[in-house]
Amino acid sequence: MLTIAVSKGRIYDEALPLLAEAGIIPTDDPNTSRKLILATTRADVQLVIIRATDVPTFVEYGAADLGIAGKDVLIEHGAENLYEPLDLKIARCRLMTAAHKNAPPITGRVRVATKYVKIAEQYFAAQGVQAEIIKLYGSMELAPLVGLADCIVDLVETGNTLRANDLEPRELIMHISSRLVVNKAAMKMKHQVIAELLAQLERKVATR
Ligand code: AMP
């Protein structure tokens, strides 16, 4: 049995057509079902539906053989204990700093609200900017509006969320896309089936 960890939402929606290419079609819809383990049209493949930030953990521990996770999540998690063989080029966006549209450029010490504490620390340190990082779990856009922070570090796709909250993108930290990750032991023990799946996904990604 091959277990693939994936999170609901954007990544799941964009991963479905790729998985279908390998004959993997879930028999339940995680948006309407409360099941956390989904069987698929392939008897030897199941999906586990978990939080995006938990995907590297499940794969590192071998609770899932494979996973699909954003590069942002992988970097923030520090996923060194797993293989990252394929950029699926889905759920593409940018990790950026953003501030109120009327806020002056940042000089001196800055307060930053984000769920990407490690990435933000590294980024501002590399810029030589003294930053106080405030960890949030969501609704980062609110922080500059209520005086909690000078700026945020968050994912930006269209920029609509920022605009709707009178914020604007400032500095690009990195481009993000979702990656296929593989447990190191599984890569050896289940090599044939994983290599086959990888090749199918790779072909599909290349033709898009
Ligand atoms: P947008 O309004 O299109 O710029 O999207 C920004 C919102 O969607 C923010 O709340 C982001 O955290 C979230 N977001 C954008 N892209 C992604 C992605 N690839 N994965 C997860 N969340 C995302």
Side-chain angles (χ1 to χ4, degrees), residues 4-20 26 29-31 36 47-59 64 66-79 82 84-103 110-124 131 133-181 201 204-205 208:
I4 307 176
V6 60
S7 56
K8 265 198 282 193
R10 204 177 306 236
I11 293 178
Y12 182 87
D13 296 342
E14 293 190 36
L16 275 186
L18 291 178
L19 293 172
D29 176 359
N31 294 312
L36 299 176
L47 304 186
V48 290
I49 307 298
I50 57 179
R51 288 280 296 261
T53 46
D54 290 332
V55 169
T57 306
F58 273 67
V59 176
L66 302 139
I68 298 174
K71 188 67 182 168
D72 52 320
V73 167
L74 294 172
I75 294 179
E76 188 65 23
H77 178 88
L82 37 75
E84 191 192 304
L86 185 59
D87 182 351
L88 296 170
K89 301 188 176 160
I90 57 170
R92 291 167 99 157
C93 57
R94 291 157 293 156
L95 188 65
M96 302 198 66
T97 67
H100 194 275
K101 60 183 184 188
N102 299 328
V110 62
R111 257 167 54 181
V112 185
T114 187
K115 60 179 172 189
Y116 301 103
V117 171
K118 272 206 275 176
I119 296 175
E121 272 170 2
Q122 281 166 15
Y123 176 73
F124 285 101
I133 313 291
I134 301 172
K135 165 99 183 178
L136 293 181
Y137 293 88
S139 301
M140 260 86 74
E141 298 83 10
L142 188 58
L145 306 179
V146 295
L148 178 60
D150 303 304
C151 69
I152 63 172
V153 167
D154 196 11
L155 300 177
V156 180
E157 191 188 349
T158 61
N160 288 340
T161 307
L162 294 179
R163 264 191 299 280
N165 292 291
D166 294 330
L167 305 181
E168 64 181 14
R170 291 279 170 97
E171 293 156 32
L172 172 68
I173 300 178
M174 64 182 85
H175 290 276
I176 299 292
S177 57
S178 290
R179 314 298 167 102
L180 187 77
V181 290
L201 293 174
K204 179 70 179 173
V205 170
R208 291 182 122 200

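Fair warning: this is a prediction, and the values are worked out from it, not measured in the lab. Whatever order the structure lists ligands and atoms in, that order sets their numbers, starting from 1.
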Problem - Residues which pass side-chain contact (heavy atoms from CB on, under 4.5 Å) with N160, listed by chain and number, not counting sequence neighbours - result: T158, R163
Problem - Contact residues of ligand 1 (heavy atom under 4.0 Å), by chain and number - result: R10, A91, C93, E141, D154, L155, V156, E157, T158, G159, N160, T161
Problem - Side-chain donor or acceptor of D29 paired with backbone N/O of N31 under 3.5 Å - result: yes
Practice task
Salt-bridge test for K115 and E76: reply yes if a basic N is under 4.0 Å from a carboxylate O, no otherwise.
Solution key: no
Practice task
May I ask you to check whether over 12 heavy atoms, not counting those of R92, lie within 6.0 Å of atom CZ?
Solution key: no
Completion exercise
Taken to the nearest 0.5 Å, the spacing of H175 NE2 from D72 CG works out to 13.5 Å
Handout entry: Candidate pair E84 and K71, rule salt bridge (Lys or Arg N to Asp or Glu O under 4.0 Å), full reasoning
Key = CA-CA 10 Å; E84 191 192 304; K71 188 67 182 168; 3.0 Å; yes
